[in-house]
Amino acid sequence: HATKPDGTFSSRLLGNRRALGAVSLVVADVAAKTIGLLITPYLANRMGPAEFGVLNLYLSVIQILTFVISVGGAPLLAVEYIRSGYTAARRLRAANLRLSMAISVVLIAISLAMSWFTPSAVPLASGVLIVAVGYVQALNIMELSYYRGAQTYRLAVTGQIAFAASSVLLTVLIFEFESPTATNRLLSIALAGAVIQTAYALELRRKYYAAPDKATRRSYTV
């Protein structure tokens, strides 16, 4: 029998790798959400109904802030990597991170103002941590999209699961040695997210980034 051209075999192999990577990301997402779900009974038991209700209110606000802070940049990163390659995707990534930081600073200023005028409704620490958690979650979404475009699936999967697992571990430690409050749960998530983002940044710094590539205004890439 005639053998198929090598190019066809390579294309199929590459396609299988992409499919396998996509599946692994889905599995990692399910695993991360499962980890978060498994800690829910522990949170409810340790925090009590009132404090657990406060936490759920905070998390609802965080979901909205995560979308606002990410400014829709995540879906563009994978597309930009596939369409224009490494340099363009890294520029867009940098532009999105800087824009997200600017939005977060504005949101923190708003939170501080609300805490000043209505301290009982928006405690200072909680307000800042709500923005911080929204920020690290927005960055996590964007980084996952970036690595998906780069087909760096192992790093994306590891980071996603590590984020969920470390936030749970920190929560248990802080709850047991400090106090089981909504603020401490947010602190745990923010710290875990900061560690994961630092790891992503260190990994990216190992790769070549020429001086002309440092033009990071989002208008240059979209």
Side-chain angles (χ1 to χ4, degrees), residues 14-47 52 55-56 58-60 62-67 69-70 73-79 81-82 89-90 93 96-97 100 104 129-177 180 182-207:
L14 181 60
N16 290 337
R17 179 174 175 270
R18 289 176 178 173
L20 182 61
V23 170
S24 67
L25 287 176
V26 172
V27 172
D29 184 58
V30 172
K33 286 181 169 58
T34 301
I35 292 173
L37 183 62
L38 290 176
I39 197 179
T40 301
Y42 170 80
L43 295 175
N45 181 61
R46 294 289 283 115
M47 298 175 69
F52 187 65
L55 175 62
N56 284 320
Y58 289 167
L59 294 177
S60 298
I62 288 170
Q63 287 183 346
I64 298 173
L65 294 187
T66 299
F67 176 78
I69 293 171
S70 64
L76 299 176
L77 283 169
V79 173
Y81 208 119
I82 295 171
R90 186 157 175 175
R93 173 189 175 276
N96 283 336
L97 295 184
S100 295
S104 297
L129 284 171
I130 286 172
V131 177
V133 172
Y135 178 63
V136 297
Q137 289 190 344
L139 294 191
N140 186 60
I141 293 172
M142 287 190 284
E143 298 291 21
L144 288 176
S145 182
Y146 174 81
Y147 287 120
R148 184 181 295 111
Q151 297 180 39
T152 313
Y153 299 118
R154 182 177 301 177
L155 183 62
V157 168
T158 302
Q160 197 168 6
I161 295 178
F163 185 11
S166 58
S167 69
V168 168
L169 177 61
L170 287 172
T171 297
V172 173
L173 289 175
I174 294 178
F175 274 26
E176 298 303 325
F177 290 97
T183 299
N184 280 339
R185 171 58 175 161
L186 297 184
L187 177 62
S188 302
I189 299 173
L191 290 176
V195 171
I196 298 303
Q197 290 305 315
T198 300
Y200 284 151
L202 292 175
E203 188 277 334
L204 201 62
R205 284 179 65 86
R206 297 189 299 107
K207 297 183 179 180

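The figures here come from the full heavy-atom set of this structure, side chains too, leaving out hydrogens, waters and symmetry mates. Here the structure is a predicted model, which is why all the values come from computation and not from measurement.
Within the 4.5 Å cutoff, the side chain of Phe67 has no heavy atoms near those of the Ile141 side chain. Counting only heavy atoms from C-beta outward, the side chains of Leu186 and Thr183 never approach each other to under 4.5 Å.
Looking at every heavy atom in both residues, Ala164 comes nearest to Ile35 through O-CG2, 3.9 Å. Between Ala162 and Ile196, the shortest heavy-atom contact is CB-CD1, 3.7 Å. For Ala192 against Ser166, the heavy-atom pair with the smallest separation is CB-OG, 3.3 Å. The heavy-atom pair separating Pro180 from Arg46 by the smallest distance is CG-O, 3.3 Å. The nearest pair of heavy atoms linking Val136 to Gln197 is O-NE2, 4.1 Å.
Summarising the geometry, atom CG belonging to Leu191 is positioned 11.5 Å from atom CG belonging to Leu169; distances are rounded to the nearest 0.5 Å. Interatomic distance, CD1 of Ile130 versus CG of Leu65, reported as 7.5 Å (0.5 Å rounding). Between the CD1 atom of Ile189 and the CG atom of Asn140 there is a distance of 11.5 Å, given to the nearest 0.5 Å. To the nearest 0.5 Å, atoms OH (Tyr42) and CE (Met47) are separated by 10.5 Å. Summarising the geometry, atom CG belonging to Leu139 is positioned 10.0 Å from atom OG1 belonging to Thr66; distances are rounded to the nearest 0.5 Å. Rounded to the nearest 0.5 Å, atoms CG (Leu97) and CE (Met142) are 5.0 Å apart.
Here the options are Thr171, Leu173, Val172, the test is side-chain contact (heavy atoms from CB on, under 4.5 Å), and the partner is Ser188; only Thr171 passes.
A distance-only check finds no donor-acceptor pair linking the side chain of Arg185 to the backbone of Leu55 [under 3.5 Å].
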